[in-house]
Amino acid sequence: RTLIATTNAPDAVRQPIVNGLLAFESYGSDKILYVTETGAANGKVNTMLLDGETTYKIREHPAGSSYLLGLVRYDGNWIVTTGAAADNRVYVYKNPQAIRKAGKQEFLVPLRVLKVQSPNYLAFSSNTQLLMVQGGNAFATYDIENDRSYDFTTTEPLDAPAQHATWMDGHRIVYVSGGKLVVFDYDNTNRRTIAIMNAGTLPFFDRDYRNLYVLRTDAGAPGAPSKTVLSGTSLLTPADL
């Protein structure tokens, strides 16, 4: 549980960066957000941000949990997220290293707190404007640009073996339920079921989101074995083509 790094130099030496590592997320070549038990209070762990050669404490969490981390840059600002499944919360911070560097706050005040029971997944949309936190069928999303959050629970259960939904693009979320691909906006509006699809696989959208390609099971002729086929679906109406 030690994070080790090297440089690009031919004679580079592997150097330990963090001990007692439990989870981490990196950005570029000089930023690492991580959870460690080293230096934490009894029964606690710390989320730390290594930015260049300086390390900043972000938040304390209970030990013995699973942890969710996120580190992105949006509109010139660093967005840092940290959460523990045992807390049922994910905390969102804006430019925490700048606040720490300025010495303005002993305790970092989060920009937003997203509440989800036993969250097991966290991801930013492709344009990094939106954050999704999920636990089972419960979702919490946060729109960074407009500083608005949404909490909702979907009625369609995820098909096994999938553990979580995924982002379709910069604004829409997808997952398979009842053998069909379900699509909805980040605020749980405009819900659609658009294709029969095998669970445990991922949909593929072409570059302009004009067509969707999925894997599905074809029963075939009577008595013949079933087979997996690649199926295509147009996402545009004939008038749009």
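All residue numbers in this chain count up from 1 along the given sequence. Here the structure is a predicted model, which means the values were calculated and not measured.
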Nearest 0.5 angstrom please: M48 CE to Y34 OH, how far?
5.0 Å
Looking only at heavy atoms, the pair that brings V113 and P110 closest together is CG2-CG, 3.8 Å
Checking E60 against K44 for the side-chain contact (heavy atoms from CB on, under 4.5 Å) test, could you report, in this order, the C-alpha distance in whole Å, the side-chain angles of both residues, the deciding distance, and whether it holds?
CA-CA 7 Å; E60 188 177 78; K44 301 290 185 179; 3.7 Å; yes
If we only count heavy atoms from C-beta on, is the V214 to T233 side-chain gap below 4.5 Å?
no
Would R112 and D147 pass as an ion pair if we require N to O under 4.0 Å?
yes
Going by heavy atoms in the side chains, are L108 and Y93 under 4.5 Å from each other?
yes
Do I79 and I99 sit in the same hydrophobic cluster, where Ile, Leu, Val, Met, Phe, Trp and Tyr count as joined when their side-chain heavy atoms come under 4.5 Å apart?
no
Treat each ILVMFWY residue as a node, draw an edge where side-chain heavy atoms are under 4.5 Å apart, and state whether I196 and I194 are in one component.
no
Check: N88 side chain, S118 main-chain N or O, donor-acceptor pair, under 3.5 Å:
yes
Under a single-linkage definition using a 4.5 Å side-chain heavy-atom cutoff for Ile, Leu, Val, Met, Phe, Trp and Tyr, are F124 and M132 assigned to the same hydrophobic cluster?
no
Find out whether E25 and I32 are in side-chain contact, i.e. whether some heavy atom of one side chain is under 4.5 Å from a heavy atom of the other.
no
Using atom types as modelled and distance alone, determine if a side-chain donor or acceptor of D206 lies under 3.5 Å from a backbone N or O of N211.
yes
Ignoring hydrogens, what is the shortest heavy-atom contact between P119 and V116? Give both atom names and the distance.
CD-O, 3.1 Å
Mind telling me whether Y121 and H164 have parallel, tilted or perpendicular rings, with 30° and 60° as the class edges?
parallel
Worked verdict on N137 versus T153 for side-chain hydrogen bond (donor to acceptor under 3.5 Å, both in side chains):
CA-CA 5 Å; N137 274 51; T153 300; over 6 Å; no
For P96 and V80 the tightest heavy-atom approach is CG-CG2, 3.6 Å
With N190, which residues qualify under side chain to side chain donor-acceptor pair (under 3.5 Å), at least two apart?
D185
Between CZ on residue R59 and CZ on residue R89, distance to nearest 0.5 Å:
9.5 Å
Check: P203 and V174 side chains under 4.5 Å, non-hydrogen atoms:
yes
Roughly how far, to the nearest 0.5 Å, is the CH2 atom of W78 from the NZ atom of K31?
4.5 Å
Pairs meeting criterion salt bridge (Lys or Arg N to Asp or Glu O under 4.0 Å) with involvement of residues 152-163, two or more places apart:
E156-R191
Given side chains that start at C-beta, do those of L49 and T55 come closer than 4.5 Å, heavy atoms only?
no
Scanning both residues in full, the closest heavy-atom pair of T82 with H61 reads OG1-NE2, 2.8 Å
Cut-off 3.5 Å, no hydrogens considered: what does the side-chain donor-acceptor table look like for residues 67-74, sequence neighbours left out?
unit_1: Y67; atom_1: OH; unit_2: P62; atom_2: O; d: 2.8
unit_1: Y67; atom_1: OH; unit_2: G64; atom_2: N; d: 3.4
unit_1: Y67; atom_1: OH; unit_2: S65; atom_2: N; d: 3.3
unit_1: R73; atom_1: NH2; unit_2: G76; atom_2: O; d: 3.3
unit_1: Y74; atom_1: OH; unit_2: E145; atom_2: OE1; d: 2.6

Interatomic distance, CG@L131 vs OH@Y186, rounded to 0.5 Å, equals 13.5 Å
Please round to the nearest 0.5 Å and tell me the distance separating atom CD1 of I173 and atom OG1 of T141.
6.0 Å
Using side-chain contact (heavy atoms from CB on, under 4.5 Å), reason through Q129 and D143 one step at a time and then give a plain yes or no.
CA-CA 6 Å; Q129 177 185 337; D143 181 348; 2.9 Å; yes
Looking at A63, is its backbone amide N or carbonyl O close enough to the side chain of E37 to form a donor-acceptor pair, meaning the two atoms are under 3.5 Å apart?
no
Using the rule given for side-chain contact (heavy atoms from CB on, under 4.5 Å), can you reason through Y175 versus V183, listing the C-alpha separation, both sets of side-chain angles and the distance that settles it, and then say yes or no?
CA-CA 7 Å; Y175 67 82; V183 181; over 6 Å; no
Report yes if some heavy atom in the side chain of F184 is under 4.5 Å from a heavy atom in the side chain of T154; otherwise report no.
yes
Heavy atoms of S126 and D169 approach each other most closely as OG-C, 3.2 Å
Side-chain touch V90/L122, heavy atoms, less than 4.5 angstrom
yes
Strictly by modelled atom types, are N198 and T217 linked by a side-chain donor-acceptor pair under 3.5 Å?
yes
Tell me whether the count of non-hydrogen atoms from other residues, nucleotides or ligands lying under 6.0 Å of NZ in K115 goes above 12.
no
Shared ILVMFWY cluster between L181 and L158, side chains joined below 4.5 angstrom?
no
Kindly work out whether a path of hydrophobic side-chain contacts (I/L/V/M/F/W/Y, heavy atoms less than 4.5 Å apart) joins F204 to L235.
no
Rounded at 0.5 Å granularity, tell me how far CG in L114 sits from OH in Y142.
8.5 Å
For L215, does the CG atom sit with more than 12 other heavy atoms under 6.0 Å from it, leaving out its own atoms?
yes
Can N46 and T36 be counted as having a side-chain donor-acceptor contact under 3.5 angstrom?
no
Apply side-chain contact (heavy atoms from CB on, under 4.5 Å) to L130 and H171, showing your working.
CA-CA 7 Å; L130 299 165; H171 297 87; 3.8 Å; yes
Which atom pair, heavy atoms only, marks the closest approach of G170 to N127?
O-OD1, 3.4 Å
